[in-house]
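Along the sequence shown, residues are numbered consecutively beginning with 1. Remember, predicted model here, so these are calculated numbers, not experimental data.
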Amino acid sequence: NLCTEVAVTVCAVMPKAHRDDCKKFVSSFMEENFNIIREFTKIWGPEDICQMVMLCPKDNVSAVEGKVCTVCTDTVAMVRFLLTDPNLETMIKTYVETACSVTGSLAPLVGLYINLL
């Protein structure tokens, strides 16, 4: 599922001791708020979002070398890419269609539900 994939990718930058908790939190949060997050990341960039949640200063984010700000902007950029890249969405749909095509009688359901992904 896309939310789990995002969680794994995003949490890879976290210290190993916190990765499992991070994955659980991000996956759960993404599943509950997927459409809102997707639209939000289309509108605002990583610096804007990290400033809004007060993890980066309001001015000159690029000059900040703080770990929290950098992790935030890198994470938001990664999530933004994963949620808004049309090529990634097409690739996921293709994989789902391919995987489901071998299920026999369930294959027609893919055509009905693939655009809901």
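Between Lys42 and Arg80, the shortest heavy-atom distance links the atoms O-NH2, 3.7 Å.
Applying the ring-ring contact (aromatic ring centres under 6.0 Å, His included) rule to Phe81 yields no partners; only residues at least two apart in sequence or on another chain are considered. Qualifying salt bridge (charged side-chain N to carboxylate O under 4.0 Å, His left out) partners for Lys16, counting only residues two or more places apart in sequence or in other chains: none.
Just one residue in the list Asp74, Thr73, Thr75 forms a side-chain contact (heavy atoms from CB on, under 4.5 Å) with Val71, and that residue is Thr75.
Counting only residues at least two apart or in different chains, disulfide (SG to SG under 2.5 Å) contacts with residues 13-43 comprise Cys11-Cys22.
Between the side chain of Asp21 and the backbone N or O of His18, no donor-acceptor pair lies under 3.5 Å.
When the SG-SG distance for Cys50 and Cys72 is compared with the 2.5 Å cut-off, it comes out below that value.
Clustering of Ile, Leu, Val, Met, Phe, Trp and Tyr by side-chain heavy atoms under 4.5 Å joins Phe40 with Ile43, Trp44, Ile49, Met52, Val76.
In this structure, Met78 is a member of the same hydrophobic cluster as Phe29, with clusters built from ILVMFWY side-chain heavy atoms closer than 4.5 Å.
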